[in-house]
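In each ligand, atom 1 is the first atom listed, and ligand 1 is the first ligand listed. Just so you know, these numbers come straight off a predicted model, no measurement behind them.
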Amino acid sequence: MTKKKFTKDFTLQEPINDEAIEKALSILKSGKIHRYNVDPGQKGEAALLEEEFAKYMGKKYCLACASCGSAMYLALKSAGVKSGDRVLCNAYTLAPVPGAIENTGAAIELVDIIDDYTIDLDDLAKKAAASDTKWFMLSHMRGHITNMDRVMEICSTHGLVLIEDCAHTMGATWDKKKSGGFGTAACFSTQTYKHMNSGEGGLLVTDDADLIARAIIFSGSYMLYERHTSRPGMAVFEDLKTRVPNYSCRMDNLRAAILRPQLAILDAQCKRWNKRYRVLEQGLKKIEGITCPKRDPRENYVGSSIQFSLLDQNEETIRNFLTTCMDQGVELKWFGNKEPVGFTSAYSSWKYFGNLPDLVNTKRILATMCDMRIPLTFTESDCNLILEILKDVAKATLE
Ligand SMILES: *Cc1c(COP(=O)(O)O)cnc(C)c1O
């Protein structure tokens, strides 16, 4: 019997649409790529994107940044995180998140996770109560959203300031409220593998006038903050302008021009992702040896990637499963690798923080967790072929 083979590329996103390309061309032809390089009274593409994304999110203010990592750093700094502070953060997240925390000079207080890959809210409540911790960076890693009602309860009981990392939840909701609408600030990524693609880019949203004014000045506004249109009155800036340094992490008009047409179709794209996700999830649930996490019905996620666990399998078996899948063209990532590779990360590799706690559950859960991208270039029948391969490989390799 010849082995089935999948031949499409797991990192291939859809092309940038024609409308976005036309806009990008007009920006290139104008030569006015820097966000502040606009005619008097004219709104640049970056400013327009900020207005439109704030509106989409139902938030007062938005700042476009160079990346989600820089947006998170600016959000933490602008909220008031100081060197030596402690920031709570779920231990299952991606490297730019601890990186943003480290960049503020704060220490990280890692919080365990539970079997559905979301943060352990009991551990969060315990750590929030026990320490003098005031800050909480919640990363909705790979789009898994925890019980936000309980998160908000814990935050209000313990006076925690919540910053949301929504790199994988742009377009998602918890109980009909947009992910990113819960925290004092929320950060989104427009890096190629997220839900809108400008190569690199980040968006910060908030309702807090002081926070956004700081973030705008931090981002490198060269005292041109008047040209931002998603901002509070100029008086808020007066007081801050010589007290907040310039960290130069702006977005340019070219990226913003590419993103605006994508924002207009974001919700439709999310539906397309979920169609593919549902096909994969249904199929995966029928494969012996593969376990999908339970998802709360209030969680309306965006299935741009899918995760599953190979419960009770040892490292050697999992490695064999992964390489056999790869041989047949199905590229999976594995969170159990001791060495940090590609876009996966285990918290044990963030040694720059010094001593990190032994989180038994996080380690156990990541040890068997696999991860697969679902680019929109895959059709539903591609998803079915992937499932057939996973079924064959699971049968041949899992114990
Ligand atoms: C991609 C990602 C980020 C950071 O995004 P960049 O724009 O690359 O800085 C943050 N958090 C998570 C969970 C991510 O996947």
Side-chain angles (χ1 to χ4, degrees), residues 10-11 13 46 49 53 62-77 87-104 108 110-111 113 117-119 136-146 162-172 179-180 182-183 185-205 215 218-219 247-252 255-256 258-259 262-263 273 299 301-307 333-335 340-347 349-350 362 365-366 369 371-375:
F10 281 77
T11 61
Q13 303 291 5
L49 173 67
F53 194 69
C62 173
L63 172 68
C65 301
S67 65
C68 175
S70 58
M72 289 187 288
Y73 169 53
L74 295 189
L76 290 164
K77 290 284 292 185
V87 180
L88 290 158
C89 182
N90 41 317
Y92 172 46
T93 184
L94 202 74
V97 181
I101 294 171
E102 197 276 344
N103 210 354
T104 66
I108 198 167
L110 291 172
V111 182
I113 62 167
Y117 312 152
T118 63
I119 189 165
F136 175 29
M137 168 68 81
L138 174 59
S139 178
H140 306 293
M141 179 63 169
R142 291 296 196 270
H144 296 272
I145 307 174
T146 186
L162 171 67
I163 313 278
E164 294 180 79
D165 164 24
C166 301
H168 289 275
T169 55
M170 184 188 276
S179 179
F182 293 86
C187 304
F188 297 80
S189 178
T190 63
Q191 190 220 84
T192 291
Y193 306 108
K194 310 298 162 77
H195 302 168
M196 296 198 292
N197 175 9
S198 60
E200 302 283 0
L203 296 162
L204 186 169
V205 298
F218 272 133
S219 78
Y247 293 141
S248 257
C249 26
R250 297 167 302 276
M251 184 185 281
D252 54 81
R255 282 168 207 204
I258 294 174
L259 290 170
Q262 294 183 56
L263 179 57
W273 262 302
E299 183 196 14
Y301 50 83
V302 181
S304 54
S305 68
I306 193 162
Q307 293 71 40
K333 298 186 186 294
W334 176 44
F335 284 99
V341 277
F343 281 80
T344 62
S345 51
Y347 77 83
S349 56
W350 310 332
T362 301
I365 293 161
L366 294 190
M369 193 199 298
D371 174 39
M372 192 178 92
R373 291 185 203 277
I374 315 177

*Hey, is P96 touching ligand 1 through its side chain, its backbone, both or neither, going by heavy atoms under 4.0 Å?*
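P96 to ligand 1: side-chain contact only, backbone stays beyond 4.0 Å.
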With a cut-off of 4.0 Å, which atoms of ligand 1 are near a heavy atom of [X]?
X    : value
M141 : 13 (C)
M72  : 10 (C)
H168 : 13 (C), 14 (C), 15 (O)
G69  : 6 (P), 9 (O)
S189 : 5 (O), 6 (P), 7 (O)
V97  : 10 (C), 11 (N)

*Do D371 and Q307 meet the criterion of a side-chain donor-acceptor pair at a distance under 3.5 Å?*
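D371 vs Q307: donor-acceptor pair found between side chains.
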*Classify the side-chain pair N90/S139 by whether it contains a donor and acceptor separated by less than 3.5 Å.*
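No.
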Contact summary for [X] and [Y], nearest pair of heavy atoms:
X    : Y    : result
V302 : G171 : CG2-C, 3.8 Å
P98  : L94  : CD-O, 3.1 Å
E299 : G143 : OE2-O, 3.3 Å

*Parallel under 30°, tilted from 30 to 60°, perpendicular over 60°: which one fits the rings of H168 and H195?*
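Ring orientation of H168 relative to H195: perpendicular.
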*asked:* With respect to Q191, determine whether any N or O atom, backbone or side chain, lies less than 3.5 Å from an N or O atom of ligand 1.
replied: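 Yes, at least one N or O pair falls under 3.5 Å.
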So is [X] in contact with ligand 1, going by heavy-atom distances below 4.0 Å?
X    : answer
G201 : yes
K194 : yes
S139 : yes

*Which option, L94, T93, D165, owns the non-hydrogen atom nearest atom 10 (C) of ligand 1?*
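Considering heavy atoms of L94, T93, D165, the nearest to atom 10 (C) of ligand 1 sits in D165.
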*asked:* Centre-to-centre under 6.0 Å for F188 and F53, is that the case here?
replied: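 Yes - the distance between ring centres of F188 and F53 falls below the 6.0 Å cut-off.
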*Is the gap between the ring centers of Y347 and Y92 under 6.0 Å?*
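Here the rings of Y92 and Y347 have centres that are no less than 6.0 Å from each other.
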